[in-house]
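Here is the structure we will look at, set down as structure tokens.
Below, chain A is the first sequence line, B the second, and so on; all start at residue 1.
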Amino acid sequence: MSSREIDRIDGSALPLRGDNIDTDRIIPARFLKAITFEGLGDHVFEDDRAAMADHPFSNPAYRQARIILTNANFVSGSSREHAPQALNRWGIHACVGESFSEIFRGNSLAIGLPCVTMSAADMGPLMDLVERAPDTSLTLSLSDRTVTVDGQRISIAVDAAVRDAFLAGTWDATGLLLDDFEVVRGVASRVPYIRGF
Amino acid sequence: MGKTLLKKVWDLHTVRPLSTGQTQLFIGLHLIHEVTTPQAFDMLRARGIGVAFPERTFGTTDHIIPTLDQTRPFQDTLAEAMLSALERNCAEYNIPLWNLDSENQGIVHVIGPELGLTQPGMTIACGDSHTSTHGALGAVAFGIGTSQVRDVLASQSLAFEPLKVRRIAVNGTLGNGVFAKDVILEIIHRLGVQGGVGHAYEYGGTAVDAMSIEERLTMCNMSIAGGARVGYVNPDQTTFDYLRGRRFAPQGDAFDRAVSWWRSIASDADADYDDVVEIAAAEIEPRVTWGINPGQSVGVSERIPATGDAGTNGAVAEALDFMGLVGGAPIMGTRIDVAFVGSCTNSRLSDLREAARIAKGRRVASHVKALVVPGSRAVLAAAEREGLDQVFREAGFEWRGAGCSRCLAMNPDRLEGNQLCASSSNRNFKGRQGSPTGRTLLMSPAMVAAAALAGEVVDVRDAL
Ligand code: SF4
């Protein structure tokens with residue numbers, strides 16, 4: 001079983017400034033009270049948007065954005081997959097940030113949403129540009145490890161294993177994990193606490 | 001060079017290296033609850049896949065349940081739908097579930113150790129970031145997302161990237177009134193909220209060696225708040241004594257054989273660490289967060305940082321503005337509206353005892369709403385046997401049923417407006433406790449009790 005191969009993501013970008021943005025802000029816990037992920041996109045950053053009239057997620061100029069630009073430690077906090085699900089269902093197909101929390105990166109990988117890093121020195125001007133001209137089109141290429149904007153190539157970093165998983169379409173791990181189930185059984189039979197010591 | 005516990009457990013559980021460079025790891029214990037699982041079971045059904053090892057998954061209910069009136073169906077129809085989904089899924093796939101009618105019900109990270117399900121050398125996964133808690137018994141425990149819950153159900157394994165190991169040695173003796181909570185808040189403050197990214201934190205040193213399992217659970221619980229995916233303490237005699245006789249612990253001769261294996265999986269004396277950090281226990285004082293992430297804390301005798309101060313873990317101005325606090329002012333004397341003793345960080349018997357010791361014979365300030373919520377039905381029963389519920393009630397605290405309660409906004413226990421809450425929980429993010437403008441000060445349970453009585457932040461050492 002394999003999933004969609006992911007390499008290039010084209011589209012405009014939404015700049016979301018700030019470090020340590022947490023899961024409770026992306027999707028407040030009251031919206032987790034549901035048994036499906038449907039409709040989560042409507043509540044992205046709901047409380048922040050209510051508190052801040054010019055929040056980028058409320059700005060019509062960014063409504064078509066496919067790539068989110070963020071600063072450090074995006075997204076810290078809870079393990080809720082609802083966070084990348086909400087971003088993805090809103091329309092985001094890739095996250096470019098200065099750094100990411102591990103759980104968020106893992107959860108994003110599991111749903112086919114690449115998170116790649118860019119240096120703060122490159123991120124600052126790119127955010128400025130996108131704020132001046134929200135229509136600017138970006139191309140993220142995982143195979144080239146670049147973001148291209150206005151003909152200029154900015155390098156990005158992405159963990160080699162994660163990049164391979166996107167390029168090969170193996171990011172949805174279930175199939176991979178079930179590939180050789182007898183080996184899983186083998187481990188189960190040698191682990192002392194399952195064998196009964 | 002010797003090996004760390006992480007390396008030994010990793011090697012033992014390796015199914016195979018994957019073409020992606022990740023490692024497929026066998027998961028020894030999977031814990032589930034109502035919030036992060038309904039979608040995972042639906043994904044399984046959609047793909048026509050079953051549960052591979054239903055006997056290695058256990059369910060409980062904690063996040064959404066009311067702590068006052070638990071009559072079914074719940075008034076909140078969404079909460080009712082989530083619990084019903086968990087009941088249906090566990091029944092369909094033969095997974096044991098400790099529901100509201102069970103004396104084993106409680107917060108997932110409280111009941112795992114309590115029942116002896118959590119054991120040294122295991123790999124443990126749960127769809128909740130505070131799964132790192134279970135590392136207190138020498139397990140390697142990961143918080144996972146819903147798609148990974150699906151993967152564990154389907155294959156009893158997960159794909160992981162390797163972790164580095166940072167040993168954090170806390171040496172010396174903690175002062176009176178200084179607790180495991182203060183130690184972990186100090187660590188996160190020093191190393192930063194993303195200091196642990198890519199790492200497992202191994203806690204050791206003479207101060208950690210001297211801690212009870214419940215104190216170690218508090219430390220490991222908040223590893224994730226420092227960015228570390230995993231936190232653990234090597235198993236030792238304290239661990240073995242804690243596990244002996246627990247329901248799911250090995251019994252009889254098997255227990256002794258288990259102990260020798262558990263000893264063998266602890267980190268070797270000459271283990272190879274990627275990094276070592278040393279902290280002097282005597283320097284740590286009771287800590288209080290003043291900001292909007294768990295790294296933003298000060299010692300109770302210190303002042304709140306001002307904008308521009310060095311080493312303050314993120315944007316000070318934004319945090320002060322949200323919290324309505326004044327940079328440069330002492331944290332002591334900050335007026336509170338609500339006090340909460342509870343959550344998977346600090347809701348065990350020893351936490352309630354420490355809070356009760358402060359509350360005994362005193363009264364909660366008239367403007368404060370104070371709540372004590374045991375982490376499990378077993379903790380609740382044990383506390384009542386000791387009369388702790390009486391101590392709290394007489395002091396003016398409410399005594400509630402077991403659950404996550406006011407740690408997050410998924411049940412009726414929530415902040416209103418911009419209430420300020422002294423809380424023994426683990427997250428002080430904006431809006432975490434239910435009101436978008438609600439504010440949280442994290443501290444130890446004893447500090448929460450002292451603040452409840454005084455109506456403001458005080459130094460618990462003055463109340464001892
Ligand atoms: S007490 Fe809080 S942190 Fe712990 S499991 Fe419940 S909601 Fe999560």
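Side-chain atoms of B:L18 and A:L176, non-hydrogen and from C-beta on, do get closer than 4.5 Å to each other. Between B:L29 and A:Y193 there is no side-chain heavy-atom pair separated by less than 4.5 Å. With contacts defined as side-chain heavy-atom distances shorter than 4.5 Å, the pair A:S76/B:Q194 does not qualify. Between A:S101 and B:V197 the shortest side-chain heavy-atom distance does not fall below 4.5 Å.
Interface remark: A:N107 contributes side-chain atoms only to the contact with chain B (heavy atom separation under 4.5 Å). With a threshold of 4.5 angstrom between heavy atoms, B:R16 approaches chain A through side-chain atoms but not through N, CA, C or O. Interface residue B:L163: only side-chain heavy atoms are found under 4.5 Å from chain A. Within the 4.5 angstrom heavy-atom criterion, only side-chain atoms of B:R150, from C-beta onward, approach chain A. Within the 4.5 angstrom heavy-atom criterion, no atom of B:T437 approaches chain A. For a residue to count as touching a neighbouring chain, one of its non-hydrogen atoms must lie under 4.5 Å from one of that chain's; by this rule A:A188 touches chain B with backbone and side chain alike. Heavy atoms closer than 4.5 Å to chain B are found nowhere in A:R163, neither backbone nor side chain. For chain B, the nearby part of A:F181 is the side chain; its heavy atoms alone come within less than 4.5 Å. In this structure, chain B has a heavy atom under 4.5 Å from the backbone of A:A34, while its side chain stays farther away. The parts of B:A154 that come within reach of chain A are both its backbone and its side chain, each placing non-hydrogen atoms under 4.5 angstrom from that chain. For a residue to count as touching a neighbouring chain, one of its non-hydrogen atoms must lie under 4.5 Å from one of that chain's; by this rule A:F31 does not touch chain B. Of the two parts of B:S435, neither the backbone nor the side chain holds a non-hydrogen atom closer than 4.5 Å to a non-hydrogen atom of chain A. If you measure heavy-atom distances from B:F53 to chain A, the contacts under 4.5 Å come from the side chain alone. Neither the backbone nor the side chain of A:P28 has a heavy atom closer than 4.5 Å to any heavy atom of chain B. Looking at B:E34, neither its backbone nor its side chain comes within 4.5 Å of chain A, counting heavy atoms on both sides.
Between A:P192 and B:L12, the shortest heavy-atom contact is CD-CD2, 4.0 Å. When all heavy atoms of A:N73 and B:V193 are compared, the closest pair comes out as ND2-CG2, 3.9 Å. For the pair B:M410 and A:K33, the tightest heavy-atom approach, listed with the atom from each and the gap, is O-CE, 3.3 Å.
Atom OG in B:S155 sits 12.0 Å away from atom CG in A:D180 (nearest 0.5 Å). Atom OG1 in A:T174 sits 3.5 Å away from atom CG in B:D151 (nearest 0.5 Å). For the atom pair CZ (B:F429) and OG1 (A:T23), the distance works out to 5.5 Å, reported to the nearest 0.5 Å. Interatomic distance, A:N20 CG to B:Q296 CD, rounded to the nearest 0.5 Å: 7.5 Å.
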### Query
When you look at A:E81 and B:T36, which way does the side chain to side chain donor-acceptor pair (under 3.5 Å) test go after all the steps?
CA-CA 8 Å; A:E81 187 173 306; B:T36 52; over 6 Å; no

### Message
Set out, in order, the CA-CA distance, both residues' side-chain angles and the distance that settles side-chain contact (heavy atoms from CB on, under 4.5 Å) for A:E38 and B:Q39, then state yes or no.
### Response
CA-CA 10 Å; A:E38 286 205 7; B:Q39 298 91 339; over 6 Å; no

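With B:F26 as the aromatic partner, A:R190 does not meet the cation-pi criteria of under 6.0 angstrom to the ring centre and within 45 degrees of the ring axis.
Highest contact tally toward chain A, considering only B:Q22, B:Q148, B:R56, B:H63, is held by B:R56 [criterion: heavy-atom pairs under 4.5 Å]. Interface summary for chain A: among B:D76, B:I64, B:D42, the most heavy-atom pairs under 4.5 angstrom belong to B:D76. Between chain A and the options B:M122, B:Q119, B:M43, B:Q156, heavy-atom pairs under 4.5 Å are most frequent for B:M122. Here B:I144 is the residue among B:I224, B:I144, B:L408 with the most heavy-atom pairs under 4.5 Å with chain A. Counting heavy-atom pairs closer than 4.5 Å to chain B, the top-ranked of the candidates A:L32, A:D47, A:V162, A:I35 is A:I35.
Ring planes of B:W262 and A:F197: perpendicular class, angle over 60° (limits at 30 and 60°).
Taking non-hydrogen atoms and a 4.5 Å limit, the residue list of residues 108-126 of chain A in contact with chain B, ordered by number, reads A:L109, A:A110, A:I111.
Applying the 6.0 Å contact sphere to CG of B:D253 captures no more than 12 heavy atoms from other residues, nucleotides or ligands.
With hydrogens and angles disregarded, a donor-acceptor distance shorter than 3.5 Å links the side chain of A:E102 to the backbone of B:G198.
Salt-bridge annotation for A:R25 and B:E318: present, with a side-chain N of the basic residue lying under 4.0 Å from a carboxylate O of the acidic one.
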